Amino acid sequence: MPELVVTALLAPSRLSLKLLRAFMWSLVFSAALVAAAVYGCIALTNVLCRPRRGCCGRRRRATPACLSDPSLGEHGFLTLKSSLLRLHYVSAGQGNGPLMLFLHGFPENWFSWRYQLREFQSRFHVVAVDLRGYGPSDAPQEVDCYTTDLLMADIQDIILGLGYSKCILVAHDWGALLAWNFSIYYPSLVERMVVVSGAPMSVYQGVSGSLGHWDVPVCRDGNFPLEPQELATPTLLLWGEKDTYFELGLVGATGSRFVPGRLEAHILPGAGHWIPQSNPQEMHQYMWAFLQDLLD
């Protein structure tokens, strides 16, 4: 059959398919425009009628009950001597033993330590603090208010402000970076240290790809010691085998370069980055054994 005849016979079918395709795409674009218009009107209405809420949706009418659970401790505020900032904290077990101070990671708050607050308040005075810029704690606007020097001064003021001369420092993630640094510059204030998923900055610098795709601006402010430092504080390091944020090689590098002979490190099989919340029982077992001599 001549090509011209075939083309003529197929022409109606091809035209029908093109029209159908154009119709379907017009439906898709029309639906997208309608949805954008509807949600845009809703967002604009929220902004105009409730400017304080903006586009964030309905505000909670009450604080979630879990945040005011009395079994976790009492809420309070401490005014720091150095900066006069007010930091929020939750405290339990006062008078039961040494101070155990918890430093949360990013982007968390005191509630990330809920299991540890319940577990250790029988033998320690447990305090979980919201660092400056988090939760109800004061949050200065200037970036220069968040250098490691100032954050370490906050930790010092917290310990002394609570009436103690030393503490057991328990920290995770970003809080762990501060804890390592604090133990170097204020060794007399840290009796023991428990670090979860966090190595000294000098070790991060030495392990290729250790931070993955994360960028830590504060780590470039010149306050973290980049050279290996020896640490006198007995330290327990817990790390998740399947931590997706920090490399497993940081554990060995920390032991060999930073605290040789004074570091007890454990890798938790199957655990990820959020050990205090995902694997509390394993964490507690290691902590009780590590702190046993302080309780005898």
Side-chain angles (χ1 to χ4, degrees), residues 53 56-57 59-80 83 85-94 99-121 124-143 145-148 150-159 161-162 167-182 193-198 214 216-219 238 240 243-246 272-280 283-284 287:
R53 279 169 44 184
C56 297
R59 221 179 197 180
R60 288 183 181 271
R61 295 184 177 180
T63 301
C66 60
L67 296 181
S68 55
D69 185 347
S71 69
L72 297 177
E74 297 181 356
H75 293 253
F77 285 86
L78 178 67
T79 301
L80 304 180
S83 63
L85 294 177
R86 293 176 74 247
L87 298 189
H88 170 257
Y89 67 90
V90 174
S91 169
Q94 186 170 4
L99 172 63
M100 182 179 288
L101 180 62
F102 295 91
L103 305 180
H104 62 78
F106 172 85
E108 300 176 284
N109 61 9
W110 71 269
F111 190 66
S112 63
W113 299 109
R114 55 193 178 278
Y115 298 112
Q116 290 71 44
L117 288 172
R118 288 195 184 99
E119 177 73 15
F120 294 100
Q121 61 181 267
F124 299 92
H125 179 196
V126 292
V127 176
V129 64
D130 281 332
L131 297 170
R132 63 165 71 188
Y134 292 83
S137 293
D138 286 347
Q141 295 296 316
E142 297 78 11
V143 175
C145 293
Y146 295 89
T147 64
T148 51
L150 294 176
L151 294 171
M152 287 193 298
D154 288 355
I155 300 172
Q156 179 187 35
D157 288 345
I158 293 168
I159 297 170
L162 291 171
C167 75
I168 299 163
L169 198 56
V170 185
H172 172 251
D173 187 76
W174 166 242
L177 295 178
L178 296 177
W180 285 111
N181 221 39
F182 186 80
M193 189 163 66
V194 178
V195 176
V196 186
S197 305
W214 293 95
V216 188
V218 184
C219 296
L238 301 177
D243 193 318
T244 57
Y245 298 103
F246 299 142
H273 184 70
W274 314 100
I275 290 173
Q277 300 164 65
S278 64
N279 300 75
M283 178 177 174
H284 298 165
M287 286 183 63

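Quick caveat: nothing in here was measured; it's all calculated off a predicted structure.
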Participant: How far apart are the closest heavy atoms of Val129 and His104, and which atoms are they?
Facilitator: O-CD2, 3.1 Å
Participant: Do Leu178 and Asn181 touch side chain to side chain, with heavy atoms closer than 4.5 Å?
Facilitator: no
Participant: Are side-chain heavy atoms of Met100 and Cys167 found at a separation under 4.5 Å?
Facilitator: no
Participant: Ignoring hydrogens and geometry, is there a side-chain-to-backbone donor-acceptor pair from Ser278 to Trp274 under 3.5 Å?
Facilitator: yes
Participant: Do Gln156 and Ile158 have side chains that approach each other closer than 4.5 Å (heavy atoms only, starting at C-beta)?
Facilitator: no
Participant: For the backbone of Gly198 and the side chain of Trp180, can you confirm whether one donor and one acceptor N or O come within less than 3.5 Å of each other?
Facilitator: yes
Participant: Is there a side-chain contact (heavy atoms from CB on, under 4.5 Å) between Leu72 and Arg118? Walk through the geometry before answering.
Facilitator: CA-CA 6 Å; Leu72 297 177; Arg118 288 195 184 99; 3.5 Å; yes
Participant: Just by distance, no angles: are the side chains of His75 and His88 close enough, under 3.5 Å, to form a donor-acceptor pair?
Facilitator: yes
Participant: Check step by step if side-chain contact (heavy atoms from CB on, under 4.5 Å) holds for Leu162 and Val127.
Facilitator: CA-CA 9 Å; Leu162 291 171; Val127 176; 3.9 Å; yes
Participant: For residues 124-135, pull every pair meeting salt bridge (charged side-chain N to carboxylate O under 4.0 Å, His left out), keeping only residues two or more places apart or in separate chains.
Facilitator: Arg132-Asp154
Participant: Roughly how far, to the nearest 0.5 Å, is the OH atom of Tyr115 from the CG atom of Leu117?
Facilitator: 12.0 Å
Participant: With a 4.5 Å cut-off on side-chain heavy atoms, are Phe102 and Val126 touching?
Facilitator: yes
Participant: Looking at Arg114 and Phe111, would you say the former's side chain and the latter's main chain have a donor-acceptor pair under 3.5 Å?
Facilitator: yes
Participant: Just do the side-chain contact (heavy atoms from CB on, under 4.5 Å) check on Leu131 and Leu87 with the steps written out, would you?
Facilitator: CA-CA 7 Å; Leu131 297 170; Leu87 298 189; 5.7 Å; no
Participant: Nearest 0.5 angstrom please: Ile155 CD1 to Leu101 CG, how far?
Facilitator: 7.5 Å
Participant: Give the minimum heavy-atom separation between Gly133 and Ala139, together with the two atoms involved.
Facilitator: CA-CB, 3.6 Å
Participant: Which residues satisfy the ring pair (Phe, Tyr, Trp, His ring centres under 6.0 Å) test with Phe120, sequence neighbours excluded?
Facilitator: His284, Trp288
Participant: Apply side-chain contact (heavy atoms from CB on, under 4.5 Å) to Gln94 and list each qualifying residue two or more places apart in sequence or on a separate chain.
Facilitator: His125
Participant: Sub-3.5 Å donor-acceptor pair from the side chain of Tyr245 to the main-chain atoms of Ser197, do we have one?
Facilitator: no
Participant: Is it the case that the ring center of Trp174 lies less than 6.0 angstrom away from the ring center of Phe106?
Facilitator: no
Participant: Say whether Gln121 and Gln116, considering side chains only, have a donor N or O and an acceptor N or O under 3.5 Å apart.
Facilitator: no
Participant: Can you check whether His172 reaches Glu108 side chain to side chain, under 4.5 Å on heavy atoms?
Facilitator: yes
Participant: Looking only at side chains, do Asp243 and His273 share a donor and an acceptor under 3.5 Å apart?
Facilitator: yes
Participant: State, with a plain yes or no, whether a side-chain heavy atom of Val90 is found less than 4.5 Å away from one of Glu74.
Facilitator: no
Participant: Are Trp113 and Val170 packed together at the side-chain level, in the sense that at least one heavy-atom pair is separated by less than 4.5 angstrom?
Facilitator: yes
Participant: Keeping Ser83 on the side-chain end and Leu80 on the backbone end, is there a donor-acceptor pair under 3.5 Å?
Facilitator: no
Participant: What I'd like to find out is whether the side chain of Met283 reaches to under 4.5 Å of the side chain of Pro280, using heavy atoms alone.
Facilitator: no
Participant: Working to the nearest 0.5 angstrom, can you tell me the gap between Leu85 CG and Asp157 CG?
Facilitator: 9.5 Å
Participant: Can you see which heavy atom on Ala171 is nearest to which on Ala179, and at what distance?
Facilitator: CB-CB, 3.7 Å
Participant: Can you check side-chain contact (heavy atoms from CB on, under 4.5 Å) on Phe182 and Leu103, steps first, answer last?
Facilitator: CA-CA 12 Å; Phe182 186 80; Leu103 305 180; over 6 Å; no
